[in-house]
Number of protein chains: 2
Amino acid sequence: MNEILEIVKNANSAKNALSSLSSEVKNRALLNIENGLIASYDDIFKANALDLEYANGLLEEGKITKSTYNRLKLDENKMRDLIKGIKDVQALGDPVNKIVWTRELDENLILKKITCPIGLIGVIFEARPDVLPQITALAVKSGNALILKGGKEALNTNKAFFKVIENALNNTELYPKNTVNLLFSHDDVKEILNMDEYIDLIIPRGSNKLVRFIQENTKIPVLGHASGICHIFINEDADTNIVNKVVIDSKTQYPSACNSVETVLVHKNYPDLPGLKHALTENGVKIIENPERYDFEYSDKILALKVVNSLDEAILHINKYGSHHTDSILTENNAACEKFMSMVDSAGVYHNVSTRFSDGFRYGFGAEVGISTNKTLARGPVGIEGLCIYKYRLYGSGQIVADYANGTKQFHHKNIFGL
Amino acid sequence: MNEILEIVKNANSAKNALSSLSSEVKNRALLNIENGLIASYDDIFKANALDLEYANGLLEEGKITKSTYNRLKLDENKMRDLIKGIKDVQALGDPVNKIVWTRELDENLILKKITCPIGLIGVIFEARPDVLPQITALAVKSGNALILKGGKEALNTNKAFFKVIENALNNTELYPKNTVNLLFSHDDVKEILNMDEYIDLIIPRGSNKLVRFIQENTKIPVLGHASGICHIFINEDADTNIVNKVVIDSKTQYPSACNSVETVLVHKNYPDLPGLKHALTENGVKIIENPERYDFEYSDKILALKVVNSLDEAILHINKYGSHHTDSILTENNAACEKFMSMVDSAGVYHNVSTRFSDGFRYGFGAEVGISTNKTLARGPVGIEGLCIYKYRLYGSGQIVADYANGTKQFHHKNIFGL
């Protein structure tokens with residue numbers, strides 16, 4: 001049996017033990033990771049320096065972009081946020097074995113819908129090595145097993161982080177072995193994508209190209225988004241102070257983020273379009289009117305601007321060209337706000353705020369494994385809740401279906417909790 | 001543009017209007033369907049008689065099985081259950097626009113997780129024409145648009161049902177047009193499976209072969225299960241009265257159902273194995289000990305029987321050979337019950353009851369669109385709740401991310417409701 005298959009099969013077997021793990025054991029494992037990161041602070045930065053040295057060469061040769069280089073680089077702020085994030089995840093409630101609802105089907109026949117881990121999750125990530133401890137923390141808390149596959153550009157940093165995690169978990173009494181694994185070779189990606197028998201979910205973290213490649217090459221469900229074409233619609237009655245502030249934040253606070261705005265739709269009767277254009281230009285934003293295509297992510301200080309005749313036209317535009325990620329309406333009209341929020345088919349629909357709020361930390365999830373535009377799984381920023389599914393538990397005392405089928409007994413379906 | 005693509009595109013455009021539809025309009029549409037079925041009772045049976053005449057020929061030629069013929073045949077009981085089911089769905093609460101939770105991120109910055117329809121759902125079904133009105137009722141209540149593709153063996157019955165539905169929806173004031181559509185030709189299936197740009201979810205209802213074909217030939221998420229290999233584990237301390245009653249019901253009450261038991265695992269110290277074997281034989285069940293393979297669905301009065309050394313061995317066997325559908329433990333030991341329920345990775349884990357309870361009607365969902373073994377979407381019997389996803393609504397007053405990034409403001413993440 002090849003080595004990767006063996007790792008994946010072992011992780012798959014080990015995952016069952018995770019589903020019944022107590023909150024105490026999981027939090028102890030997280031505390032060990034937190035302490036390990038603090039203790040290995042210098043080693044991690046040394047490892048990162050090696051990766052940066054190599055990346056610097058690639059940067060000079062034009063093989064990677066400055067933004068890839070920046071994502072690769074750890075600094076004290078990133079490490080501080082990372083360690084704080086792992087502390088925050090410990091403070092969150094246990095998302096596993098939570099009773100969603102309880103219904104009495106008949107006397108002594110109790111049905112409970114209960115949360116449980118998804119199982120074995122494959123994470124394929126590029127550049128950002130801080131993804132590794134962050135996703136591991138969420139997986140530990142939610143009782144999921146992990147196959148992590150990092151990019152070669154962050155090889156040394158990933159190894160340093162993984163060493164901390166491996167030690168932390170091995171030193172956590174009762175924590176099952178083989179549940180968090182790191183793979184290295186680039187060839188591993190294709191192999192992982194074929195292991196639908198063992199892997200329950202794939203989470204890609206990286207370029208649109210990487211995400212699309214994964215979506216097109218696996219039968220395993222993929223959690224994430226390939227592009228982030230977010231919109232702001234400025235209604236005729238929008239508050240001009242809010243408009244300029246929010247549009248500029250949405251575009252310039254981090255232009256390459258997936259939740260940055262790409263297209264601003266302006267109602268034809270909005271009175272201060274010149275003021276908005278002026279503010280954008282002053283902030284270094286290039287405005288493109290009548291672009292060739294609207295389904296385009298600039299990921300830069302560039303945005304498409306379109307004047308529309310109505311709220312309806314704006315909703316149609318967003319649902320047609322958007323990526324169902326995050327879209328905001330700026331208006332003082334509640335009915336327009338509600339209509340926009342109901343009819344825009346996106347994971348995040350906002351009123352009078354920046355699209356940049358779409359983020360697990362800002363939503364209070366502690367951290368996120370990614371942002372999902374899927375319609376049939378977690379949607380929006382995904383924290384520990386999105387890494388759980390549920391099972392139905394039925395507690396009885398010898399009941400058989402024949403009695404209900406032939407009319408001897410009837411269900412009474414009494415809702416006990418959560419319904 | 002080809003005809004099917006046009007239908008699908010129209011349905012996709014129409015779906016947005018469904019997400020903001022009031023409960024009153026949806027229930028009026030359901031009442032119109034219910035009344036339509038009653039008014040067209042005779043026409044539906046005449047249509048079904050045509051299909052049965054044709055199917056009778058196929059049956060004589062051995063081209064279809066007796067059980068396919070039976071699934072095709074409507075009778076008064078099926079029609080009564082169908083009409084009652086549509087009445088039940090009206091009585092259920094509206095699953096759309098329900099607030100899952102509310103969190104105040106900061107002053108005047110409110111985040112709400114709110115349910116919404118999935119969107120456009122493609123249903124591909126064989127034989128059973130009663131699936132058509134049943135799934136339509138669930139889709140109407142949950143605000144989803146539908147592309148229905150029935151098998152040619154039920155062509156006339158499907159047309160008769162669809163006529164009722166089309167009239168009912170057209171006569172419901174404010175109900176959007178083009179949201180429920182019926183396709184006929186067999187070639188349509190492949191076309192539908194390629195329309196991942198427009199269709200959000202595929203629900204197959206039919207043979208394992210059909211489900212597997214669909215799973216392997218589409219990038220659209222598929223809700224359902226290909227096989228139903230369900231288990232009963234009889235622990236050493238199981239109540240012998242419960243054992244015989246529950247095993248016989250699980251196997252014989254409807255042997256070809258997906259939730260019938262296929263393998264019975266018996267603890268080596270269970271004292272009355274001879275009694276169980278005798279009872280099974282008396283009820284016409286053939287027992288296979290040491291079968292060639294355990295991942296097999298007999299769909300008949302046949303079951304595999306294996307003696308195991310422990311609860312752990314039973315759990316390993318079920319997770320390895322089962323289809324994560326429904327598995328039951330018979331025991332008087334609570335710790336064993338809890339361990340089984342935590343560690344068996346199935347949509348339904350039961351204690352001291354028949355596996356046959358795994359069903360939307362029995363769970364109190366009114367009806368079901370199918371039973372899902374997916375781990376990343378609805379799991380188990382899927383009613384209207386499983387046809388909804390959620391979106392995050394964020395209500396603000398001009399907040400920008402820059403203020404939180406530079407430390408001018410801090411999130412206070414106050415949980416308001418449901419958290």
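Proteins get letters first, then strands, A, B, ... in listed order; numbering begins at 1 in each. Note that these values count all heavy atoms, side chains included, but never hydrogens, waters or copies made by symmetry.
For the options A/Asp239, A/Asn12, A/Val344, heavy-atom pairs under 4.5 Å to chain B are most numerous at A/Val344. Of the residues considered (A/Gly364, A/Gly418, A/Ser20, A/Ala17), A/Gly364 shows the highest number of contacts with chain B, using heavy-atom pairs under 4.5 Å. When each of B/Ile315, B/Asp249, B/Leu18 is checked for heavy-atom pairs under 4.5 Å with chain A, B/Asp249 comes out on top. Counting heavy-atom pairs closer than 4.5 Å to chain A, the top residue among B/Leu105, B/Ile242, B/Ile400 is B/Ile400. Highest contact tally toward chain A, considering only B/Glu216, B/His413, B/Lys113, B/Lys15, is held by B/His413 [criterion: heavy-atom pairs under 4.5 Å]. When the candidates B/Lys339, B/Lys219, B/Gln215, B/Lys245 are compared by the number of heavy-atom contacts under 4.5 Å with chain A, B/Lys245 comes out ahead. For the set B/Ser346, B/Cys116, B/Gly119, B/Ala405, the entry with the most heavy-atom pairs within less than 4.5 Å of chain A is B/Ser346.
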- Start with the C-alpha distance between A/Asn16 and B/Asn319, add both sets of side-chain angles, then the distance that settles side chain to side chain contact (heavy atoms under 4.5 Å, CB included), and finish with yes or no. CA-CA 9 Å; A/Asn16 296 322; B/Asn319 285 338; 3.1 Å; yes
- Message: Pair B/Arg393, A/Glu338 - check side chain to side chain contact (heavy atoms under 4.5 Å, CB included), show working.
- Response: CA-CA 10 Å; B/Arg393 292 186 176 197; A/Glu338 287 302 308; 2.9 Å; yes
- Query: Between B/Phe411 and A/Arg362, is a side chain to side chain contact (heavy atoms under 4.5 Å, CB included) present by the stated rule, with each step listed?
  - Reply: CA-CA 7 Å; B/Phe411 292 104; A/Arg362 292 172 200 137; 3.4 Å; yes
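At a 4.5 Å heavy-atom cutoff, the contact between A/Leu109 and chain B is made by side-chain atoms alone. For a residue to count as touching a neighbouring chain, one of its non-hydrogen atoms must lie under 4.5 Å from one of that chain's; by this rule A/Asp200 touches chain B with backbone and side chain alike. With a threshold of 4.5 angstrom between heavy atoms, B/Ala402 approaches chain A through its backbone and through its side chain. For B/Tyr198, no part lies under 4.5 angstrom from a heavy atom of chain A. Residue A/His351 touches chain B through both its backbone and its side chain, counting heavy-atom pairs closer than 4.5 Å. Of the two parts of A/Lys320, neither the backbone nor the side chain holds a non-hydrogen atom closer than 4.5 Å to a non-hydrogen atom of chain B. Proximity to chain B (any heavy atom under 4.5 Å) is shown, for A/Tyr395, by both the backbone and the side chain.
When all heavy atoms are compared, the tightest approach of A/Gln253 to B/Val401 is OE1-CG1, 3.1 Å. Taking each heavy atom of B/Arg103 and A/Tyr363 in turn, the nearest pair found is NH1-O, 2.6 Å. The two residues B/Ser342 and A/Ser19 come nearest to each other via the heavy atoms O-OG, 3.0 Å. Of all heavy-atom pairs spanning B/Met341 and A/Leu394, the tightest one is CE-O, 3.4 Å.
Environment of NZ in B/Lys409: crowded, with over 12 heavy atoms of neighbouring residues, nucleotides or ligands closer than 6.0 Å.
Contacts of residues 352-361 of chain A with chain B at a heavy-atom distance below 4.5 Å involve A/Asn352, A/Val353, A/Ser354, A/Arg356, A/Phe357, A/Phe361, listed in sequence order.
Salt-bridge check for A/Lys391 with B/Asp345: failed, with every basic side-chain N at 4.0 Å or more from each acidic carboxylate O.
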